[in-house]
Engineer: 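Dropping a structure here in structure tokens format, bear with me for questions.
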Number of protein chains: 2
Amino acid sequence: MAEPKDSFTAAACAADAVPPLWERLESAPRSGRATLTHTRIAEAAVALADAEGLEALSMRRLAIELGVATMALYRYVVSKDELLELMIDAVVEPDALTADPADWRAVFREIGLRRRRTALAHPWLIAAQAQVPSLLTPARNEVAERMIGALEPLPLTGDQKMQFIRVVDAFTNGAAGAEVNRRMMMRRRGHGADGDVRLLLRESMRWLLRSGRYPRMAKLVQEGLAPVDSAAEFELGLAAVLDGLAARFGV
Amino acid sequence: MAEPKDSFTAAACAADAVPPLWERLESAPRSGRATLTHTRIAEAAVALADAEGLEALSMRRLAIELGVATMALYRYVVSKDELLELMIDAVVEPDALTADPADWRAVFREIGLRRRRTALAHPWLIAAQAQVPSLLTPARNEVAERMIGALEPLPLTGDQKMQFIRVVDAFTNGAAGAEVNRRMMMRRRGHGADGDVRLLLRESMRWLLRSGRYPRMAKLVQEGLAPVDSAAEFELGLAAVLDGLAARFGV
DNA sequence: AGGGCTAGCGTACACTGTACACATGGCTGA
DNA sequence: TCAGCCATGTGTACAGTGTACGCTAGCCCT
């Protein structure tokens with residue numbers, strides 16, 4: 001009576017027991033007067049996390065925000081982790097690219113910059129991704145699709161294209177994550193999030209420098225460092241990665 | 001009676017009220033028969049997180065593991081976040097480098113590879129770093145010191161050296177994080193952590209591909225992809241980043 | 001020998017994610 | 001038109017979390 005119905009689910013159900021969220025999302029009857037929606041939930045959760053941080057996002061709080069009982073959420077989401085997946089997917093905006101789709105450098109640049117903007121606009125993003133392994137959400141796949149498209153005309157094997165994309169993604173996520181970290185640290189201390197990182201350094205590294213270990217770093221700091229221009233640095237890094245990959249792949 | 005004692009703490013205490021952990025660590029009297037140590041705590045926490053995952057690491061559980069009351073830990077750590085900082089610092093091993101210190105490429109390669117190994121050996125590392133903004137821990141500073149040293153002979157400004165290091169770090173963290181994510185996902189499903197990623201793809205992307213969106217990705221998958229060699233891919237990416245940066249900086 | 005400082009203890013509180021049983025209202029087939 | 005069903009939303013309960021607070025007991029120095 002309750003056994004798997006057909007061969008389709010046979011393999012997956014062994015581990016999952018419930019179809020994996022994105023599959024449920026599509027063929028949802030959601031017939032009766034439903035006050036909730038996956039979209040509505042995701043948007044409320046995103047808004048809450050944006051406003052008060054990921055640590056303020058609890059199922060109870062989110063339910064209140066939606067004017068609904070806590071457990072109502074679990075009709076749409078199997079666990080809080082799935083809620084995070086929903087949020088992660090929700091903030092990726094695979095809008096039409098303005099870059100010339102034939103110019104692969106321009107496409108990768110645009111996608112990279114957009115990702116940085118997204119991560120800065122939703123500082124919980126990177127932490128959430130680290131907490132809930134969730135590659136292959138629909139929106140991210142759509143972005144991947146664009147990237148593959150941009151590489152199409154190049155003489156690369158399928159494996160090389162995937163490597164290319166993964167390496168660029170790695171830099172992008174890493175750089176965005178580092179920047180978010182710096183901002184959160186600044187905010188946690190007194191200074192506003194977009195202040196000068198050097199204040200942070202001066203202050204909390206004073207004893208490090210004074211300690212005499214790290215002489216080279218001390219020298220650099222004392223010689224004077226310019227304020228960090230994160231946007232420019234991101235572009236520099238991205239360009240370097242693209243250069244390096246292009247050279248290695250001979251394109 | 002309880003006011004700040006001297007000018008040293010004046011600025012920092014405004015925001016912190018307690019000296020920032022690393023400072024406390026050094027000048028600790030810890031005179032009386034102390035059964036606990038920062039080191040002992042950090043090691044036990046790391047062992048626990050390694051064995052059972054970051055979500056199994058609770059103050060109660062850790063205290064039991066150490067044969068001590070829960071609140072005893074708070075004599076050494078102001079909050080769980082500080083515990084995480086301790087752990088993050090503990091797993092970085094700035095051992096003597098085997099690479100020729102004058103060969104900056106070799107140094108960066110070695111440090112990058114070591115970081116990857118560390119992240120894979122302690123899969124909670126990246127998530128913990130995303131959760132607790134904690135650049136500038138002593139061990140990481142020591143590594144930074146090495147990197148600065150390697151760049152010393154090059155004709156770069158201080159700012160350029162810092163940019164160089166930050167960009168490489170961004171890629172390193174991003175790539176390691178992605179790899180850890182993949183592994184955790186594989187383990188969460190049935191397959192062992194070091195299995196073939198293609199299994200994961202085949203299985204959980206079946207409906208994605210069948211849906212007809214993502215035609216390009218479907219084509220790539222159907223044309224057949226080789227198993228992913230993560231180690232080689234990491235080296236490729238790292239080399240590309242170093243190439244790209246070197247070219248941009250003209251070194 | 002005694003006083004004080006401090007490492008460690010125990011309890012208590014507000015809060016978390018979620019399992020489970022129950023109510024209810026809109027759609028469906030007759 | 002109306003019965004009945006089932007998905008949607010509700011309420012309560014439980015084990016477990018981080019940590020504030022006040023207490024005890026032993027080491028160190030005078």
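Just so it is clear: chains get the letters A, B, ... in the order the sequence lines come, proteins before strands, and each one is counted from 1. Quick caveat: nothing in here was measured; it's all calculated off a predicted structure.
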Engineer: The criterion is side chain to side chain contact (heavy atoms under 4.5 Å, CB included); which residues satisfy it with B/Asp50, sequence neighbours excluded?
Structural biologist: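 Residues passing side chain to side chain contact (heavy atoms under 4.5 Å, CB included) with B/Asp50: B/Val46, B/His122, B/Trp124.
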Engineer: Side-chain contact test, heavy atoms from C-beta onward, threshold under 4.5 Å: evaluate it for A/Arg166 versus B/Arg182 and give yes or no.
Structural biologist: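 Yes, at least one pair of side-chain atoms sits under 4.5 Å.
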Engineer: Knowing that exactly one of A/Ile64, A/Leu57, A/Leu66 qualifies, which makes a side chain to side chain contact (heavy atoms under 4.5 Å, CB included) with A/Leu48?
Structural biologist: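 So the option named by the test is A/Leu57.
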Engineer: Taking the inter-plane angle between the rings of A/Phe234 and A/Phe171 on a 0 to 90° scale, is it parallel (under 30°), tilted (30 to 60°) or perpendicular (over 60°)?
Structural biologist: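 Aromatic pair A/Phe234/A/Phe171 classed tilted.
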Engineer: Please enumerate all residues that pass salt bridge (charged side-chain N to carboxylate O under 4.0 Å, His left out) together with B/Glu179, with sequence neighbours excluded.
Structural biologist: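 With sequence neighbours excluded, B/Glu179 shows a salt bridge (charged side-chain N to carboxylate O under 4.0 Å, His left out) to B/Arg116, given in chain and number order.
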Engineer: If we ignore hydrogens and angles and just use 3.5 Å, is the side chain of A/Asp89 paired with the main-chain N or O of A/Ala139 as donor and acceptor?
Structural biologist: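 At least one qualifying donor-acceptor pair exists.
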Engineer: With a 4.0 Å cutoff (strictly under), does any side-chain N or O of B/Tyr76 reach OP1 or OP2 of C/dG8?
Structural biologist: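 Answer is yes, contact under 4.0 Å.
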Engineer: Could you tell me whether the side chain of B/Glu82 reaches within less than 4.5 Å of the side chain of B/Arg24, counting heavy atoms only?
Structural biologist: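 SC-SC contact between B/Arg24 and B/Glu82 confirmed.
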Engineer: Whole Å only: how far is the CG atom of B/Leu62 from the P atom of D/dT19?
Structural biologist: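 Taking atom P of D/dT19 as the reference, CG of B/Leu62 is at 13 Å.
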Engineer: Using Watson-Crick and G-U wobble pairs with both distances under 3.5 Å, what is the 5'-to-3' dot-bracket string of DNA chain C, with [ ] for crossing pairs and | for pairs outside the strand?
Structural biologist: ||||||||||||||||||||||||||||||
Engineer: Taking only nitrogen or oxygen atoms into account, show me every contact under 3.5 Å that the protein makes with nucleotides 10-15 of chain C, one pair per line with its distance.
Structural biologist:
none

Engineer: What is the separation between atom CE on B/Met59 and atom P on D/dA15, rounded to the nearest whole Å?
Structural biologist: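 From B/Met59 CE to D/dA15 P: 23 Å.
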Engineer: So that I can tick it off, tell me whether B/Glu145 and A/Arg213 are bridged by a salt bridge, with the cut-off set at under 4.0 angstrom between side-chain N and carboxylate O.
Structural biologist: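 Judged by the 4.0 Å cut-off on N to carboxylate O distance, A/Arg213 and B/Glu145 do not form a salt bridge.
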Engineer: Is there a side-chain contact between A/Trp22 and A/Leu136 in this structure, where contact means two heavy atoms from C-beta onward sitting under 4.5 Å apart?
Structural biologist: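 No; the side chains remain at least 4.5 Å from each other.
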Engineer: Expressed as a whole number of angstroms, how long is the span from A/Glu52:CD to C/dT16:C1'?
Structural biologist: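 Rounding to the nearest Å, CD of A/Glu52 and C1' of C/dT16 are 16 Å apart.
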Engineer: Tell me the interatomic distance from B/Leu73, atom CG, to D/dA20, atom P, rounded to whole angstroms.
Structural biologist: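 It is 14 Å, rounded to the nearest whole Å.
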Engineer: Quick one, which residues of residues 41-49 of chain A touch DNA chain C with a heavy atom under 4.0 Å?
Structural biologist: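 Residues of residues 41-49 of chain A under 4.0 Å from DNA chain C: none.
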Engineer: Whole Å only: how far is the CD1 atom of A/Ile64 from the C1' atom of D/dT10?
Structural biologist: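 After rounding, the gap between these two atoms is 14 Å.
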Engineer: I want to confirm an ordering. Mapping B/Leu36 and A/Asp81 to their closest nucleotides on DNA chain C, which one lands closer to the 5' end?
Structural biologist: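 Residue closer to the 5' terminus by nearest nucleotide: B/Leu36.
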Engineer: Mind listing the closest non-hydrogen atom pair of A/Val92 and A/Ile88 along with its distance?
Structural biologist: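 What the structure gives for the nearest pair is CG2-O, 3.4 Å.
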Engineer: Starting at CG of B/Leu66 and ending at C1' of C/dC9, how long is that distance when rounded to a whole Å?
Structural biologist: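 So the two atoms are 15 Å apart, to the nearest Å.
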Engineer: List in chain and number order the residues that pass side chain to side chain contact (heavy atoms under 4.5 Å, CB included) with B/Glu142, two or more places apart in sequence or in another chain; answer none if no residue qualifies.
Structural biologist: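 Side chain to side chain contact (heavy atoms under 4.5 Å, CB included) list for B/Glu142, sorted by chain: A/Tyr214, B/Pro94.
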Engineer: Atom CG of B/Leu57 and atom P of D/dG16: how far apart are they, to the nearest Å?
Structural biologist: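 Result: 16 Å.
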Engineer: Expressed as a whole number of angstroms, how long is the span from B/Arg75:CZ to D/dA20:P?
Structural biologist: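 Distance, rounded to whole Å: 12 Å.
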